[in-house]
Amino acid sequence: MTDTAPRPVNGHTVAKLHPVPPELLDKVPAPATPEETQTQQPAKGPSKPRLHIRTGQALKRAAKADKTRTVGHLAVRHTGYLVGGARIVTRRAWDGRSAARYERMIRAAEAAGNLEEAKEWEERGQQFRAARHRRRMELLASPQQLGKSALAGTAVGAGVLLGTGVALAIANDDIGDVLVPAMLLIDAIRWAVVIGTVVWGVASMLLPWALLAGLWAVGQHQHTAPQWALPASLRSGDGAPITPSIVVTAMRDLGIGPLKTAIKDMGDVGAQMLSPIVIAGCGVEVDVHLPSGVSTEEIQNRRKKLAENLNRHEHEVFISIPPSPRTVRLWIADSGALDEPIGPSPLVTDMDVKADYKSGRAPWGQDLRGDAALMSLFQRMLLITGLSNQGKTASLRALALWLAFDPRVEFRIGDLKGIGDWKMFDGLATVLIEGPTDDHVLAVTEMVEEAVREMNRRILNPDHPRRPLVVIVDEAQVAYGCGAVDEHKNPLGGAKATSRYFRAIKAIHDQGRAVDVTTWEGTQDPTNDNLPKRSREGNHIRASLVLGTESQARMAVGDAAIDGGAAPHKLRQGLDKGTVVVAGDGLQMAAGQTSVTVRTHYIDEDQAKEIASRAKQARARVVTRAAAEKPTAPVDHLADIIQVMGDEPKMRTQEVLQRLTELNRAEYVEWTFADLKQYLEPLGAEPYKTGGVMHVSAERLIAAVLHRSEDAGE
């Protein structure tokens with residue numbers, strides 16, 4: 001029997017010793033002698049593993065502790081989800097009802113030294129407060145109006161019931177039937193109250209649980225529980241703040257030998273490679289200056305591994321090439337931030353929106369830094385590509401909806417999908433063609449060819465009044481891929497010199513910009529077959545949603561943008577809808593930057609219809625036709641002016657413009673005094689001022705006609 005009484009061991013008292021099995025005794029090393037102890041030196045390497053003998057009672061206590069710890073983690077985790085979800089929902093509600101969002105943006109802009117942006121956010125905040133005050137005033141007046149309406153409705157209802165009862169009594173010869181309709185209504189109300197009581201009882205029991213489940217779901221999606229209480233799969237550092245040591249470690253572990261060696265040899269262990277880490281929108285940004293022997297291309301090719309080293313998903317890390325040589329710029333999103341919506345478009349929230357084709361910029365969305373992405377469309381050809389059902393039409397339509405608020409701009413639209421995505425432009429566009437058939441392709445081709453003829457008229461006659469003309473073709477791959485031919489055996493589609501659609505687009509790309517004739521095309525799955533090289537490279541702005549391969553991405557936004565870090569093929573299909581990679585000069589970019597990633601505002605169909613109706617109120621009425629009209633004989637403006645003046649020796653310019661509109665509204669409805677002066681001045685018949693009012697002289701007009709006749713005779 002082994003003695004089990006307590007005894008001191010190494011200065012501590014062991015409460016109870018249990019017998020050691022004989023088969024384990026051989027594994028216990030013999031104690032060293034004093035001489036051996038004096039001669040032995042401390043081991044430099046790791047010590048040998050020691051044999052730990054745990055009793056059954058100790059194992060039970062450990063299992064119980066693990067179970068308690070697991071239950072505690074579960075309780076804290078789900079409580080954290082619930083509390084965090086409530087906090088997030090409360091903050092969202094507060095932001096929606098107050099100007100807190102605008103105050104945060106103002107402080108952020110002031111901290112960044114961007115006073116212009118701070119002023120803009122201050123103006124938006126004032127507009128929000130004014131609209132909120134207006135709504136509150138309307139609510140204060142609503143009880144009185146509601147009471148009047150209720151009284152009127154009650155009186156009308158009572159009259160209807162009484163009249164129905166009287167008619168029923170007369171028909172049945174029973175005076176008691178006068179009250180039958182009223183009694184039926186009373187019975188209906190009683191049953192409604194009974195049913196409502198039952199339903200309310202069930203709803204009152206379920207509603208709190210549904211509310212708690214909703215708050216828990218929000219918190220669970222955002223991982224609002226403490227890190228130590230999260231599941232093991234989420235405690236690996238996902239969402240942890242980005243620090244210099246994390247960035248350097250991630251770069252070191254990319255598997256690039258020269259980079260790893262250089263970091264080890266640096267005295268500060270790689271810190272000198274990094275610029276200051278700055279907050280940029282819903283993430284952070286840092287420049288990494290690479291050591292000699294490491295190229296930026298090697299870093300770009302390891303984007304996925306770099307993201308995983310940073311405890312992020314691949315779509316949460318963007319690599320671009322700044323102007324500095326041998327440097328990569330990393331933008332690292334906060335975990336899960338890119339899955340959050342960016343908010344509604346200003347076109348939806350601002351009832352007084354205005355647009356200016358020449359100097360304005362369309363509010364398209366936000367870049368990754370959280371700054372507003374404002375697109376300039378002045379004299380720019382535009383191409384947007386992407387896979388099907390990723391938000392291409394909505395992104396393209398948002399730009400057109402903004403530009404529609406400039407009454408000078410004319411739209412001609414061909415929608416080769418034909419499911420009504422552009423229906424709200426009926427009354428805004430002069431041409432709206434909808435459908436995917438060969439006949440629709442022919443109509444769209446003729447529409448683009450008519451735009452080419454209009455472009456040539458403007459080039460040959462610089463004095464011809466010219467409104468900005470935007471030709472939009474959505475699903476343009478249908479036109480490029482069309483195999484139909486016309487009556488002269490010329491193909492409608494294709495990329496050959498005989499292709500009518502391609503030839504017309506190319507002509508506008510070559511010369512349309514100078515006379516304010518531009519094309520916007522939207523197309524799926526860019527390839528050489530459905531988007532010819534010469535056509536795609538004629539665009540000033542090239543944007544792409546998610547694509548399948550890098551080769552498609554290069555066709556969409558160009559080699560320079562892809563080499564500079566653009567990666568539309570790295571976006572997530574179905575999850576990054578509306579996120580576009582933009583190359584070109586439409587958006588403001590830093591020096592040397594070749595592309596920018598934009599999360600566009602989503603405007604659904606109902607909102608688009610409402611915006612379009614507001615735009616129609618700001619423009620002259622437009623009669624939309626379903627196909628391009630054949631060219632008509634050019635209008636003789638000089639003859640029209642002489643005709644409206646009649647026998648008058650002079651006439652006020654305002655009256656001349658009014659009579660011209662009555663004579664030919666389609667031609668002169670957009671004419672202004674400046675247009676009239678611009679046309680008459682080269683003819684020597686420009687308006688003159690008399691009595692403080694500008695007039696047009698009939699004598700000068702006749703002289704201009706005679707001079708024109710002499711020139712024609714020569």
Which heavy atom of Met381 sits nearest a heavy atom of His540, and at what distance? N-ND1, 2.8 Å
I'd like to check Glu316 versus Leu310 (side-chain heavy atoms, cut-off strictly below 4.5 Å). Are they in contact? no
To the nearest 0.5 Å, tell me how far Ser395 OG sits from Tyr602 OH. 10.0 Å
Is the His315 ring parallel, tilted or perpendicular to the His313 ring (thresholds 30°, 60°)? parallel
Side-chain heavy-atom pair Val278, Val286 within 4.5 angstrom cut-off: no
Which atom of Ala556 lies closest to which atom of Leu547, heavy atoms considered: CB-CD1, 3.7 Å
Pairwise side-chain contact, Trp331 with Thr597, heavy-atom cut-off 4.5 Å (strictly under): no
Presence of salt bridge, Asp563 and Arg554, under 4.0 angstrom: yes
Go through the steps for Asp525 and Gln477 under the test side-chain contact (heavy atoms from CB on, under 4.5 Å), then give the verdict. CA-CA 8 Å; Asp525 189 21; Gln477 78 279 354; over 6 Å; no
Could you check whether any side-chain heavy atom of Leu531 comes within less than 4.5 Å of a side-chain heavy atom of Met555, counting everything from C-beta outward? no
Nearest heavy-atom contact between Leu215 and Ala86 is CD2-CA, 3.8 Å
What heavy-atom pair brings Leu545 and Pro568 nearest, and what distance separates the two atoms? O-CB, 3.5 Å
Looking only at heavy atoms, the pair that brings Ala99 and Phe128 closest together is N-CE2, 3.7 Å
Is there a donor-acceptor pair under 3.5 Å between the side chain of Glu285 and the backbone N or O of Ile332? no
Arg513 side chain to Gln379 main-chain N or O, any donor-acceptor pair under 3.5 Å? yes
Backbone N/O of Tyr102 and side chain of Arg124: donor-acceptor pair under 3.5 Å: no
Between Thr385 and Arg536, is the side-chain contact (heavy atoms from CB on, under 4.5 Å) condition met? List the steps. CA-CA 10 Å; Thr385 65; Arg536 62 178 182 256; over 6 Å; no
Does Ser535 use its side chain to pair, donor to acceptor, with the backbone of Lys533 at less than 3.5 Å? no
What residues form a side-chain hydrogen bond (donor to acceptor under 3.5 Å, both in side chains) with Asp604, not counting sequence neighbours? none
With a 4.5 Å limit on heavy-atom distance, are the side chains of Arg329 and Phe318 in contact? no
Side-chain donor-acceptor pair present, Thr523, Tyr480, cut-off under 3.5 Å: no
When you look at CG of Leu74, are more than 12 heavy atoms from neighbouring residues, nucleotides or ligands closer to it than 6.0 Å? yes
Could you measure the distance from the OG atom of Ser376 to the CD atom of Gln588? Nearest 0.5 Å is fine. 9.0 Å
May I have the step-by-step check of side-chain contact (heavy atoms from CB on, under 4.5 Å) for Ile299 and Met251, ending in yes or no? CA-CA 9 Å; Ile299 306 299; Met251 298 294 291; 3.8 Å; yes
List the steps, then state whether side-chain contact (heavy atoms from CB on, under 4.5 Å) holds for Thr594 with Ile321. CA-CA 9 Å; Thr594 57; Ile321 309 300; over 6 Å; no
I'd like to know if the side chain of Asn301 and the backbone of Glu298 have a donor-acceptor N/O pair within less than 3.5 Å. no
Would you check if the side chain of Arg534 reaches a backbone N or O of Ala495 as a donor-acceptor pair within less than 3.5 Å? no
Check: Ser295 and Leu290 side chains under 4.5 Å, non-hydrogen atoms: no
In Å and rounded to the nearest 0.5 Å, what is the NZ to CG distance from Lys570 to Asp576? 13.0 Å
Got a salt bridge between Glu475 and Lys392, using NZ or NE/NH1/NH2 to carboxylate O under 4.0 Å? yes
When rounded to the nearest 0.5 Å, the distance separating CZ of Arg599 from CG of Asp367 is 10.5 Å
Below 4.5 Å, heavy atoms only, C-beta onward: do Val598 and Met375 meet side chain to side chain? no
Donor-acceptor pair, Arg312 side chain versus Val317 backbone, under 3.5 Å? no
Side-chain H-bond candidate by donor/acceptor type, His569 with Thr549, under 3.5 Å: no
Donor-acceptor side-chain pairing of Asp474 and Thr393 below 3.5 angstrom: yes
Interatomic distance, Lys577 atom NZ to Arg572 atom CZ [nearest 0.5 angstrom]: 13.0 Å
Does the side chain of Leu382 come within less than 4.5 Å of Thr518's, by heavy atoms? no
Side chains of Gln552 and Glu550: do they bring a donor and an acceptor to under 3.5 Å? no
To the closest 0.5 Å, what do you measure between CG (Leu571) and OG1 (Thr579)? 6.0 Å
Distance-only side-chain donor-acceptor flag, Thr519 / His509, under 3.5 Å: yes
Would Arg361 pass as a cation-pi partner of Phe378, given that its NZ or CZ must be under 6.0 Å from the six-membered ring centre and within 45 degrees of the axis? no
Smallest separation among heavy atoms of Pro363 and His601, with atom names: O-CD2, 3.9 Å
Taking Thr600 for its side chain and Gly578 for its backbone only, find out whether a donor-acceptor pair lies under 3.5 Å. yes
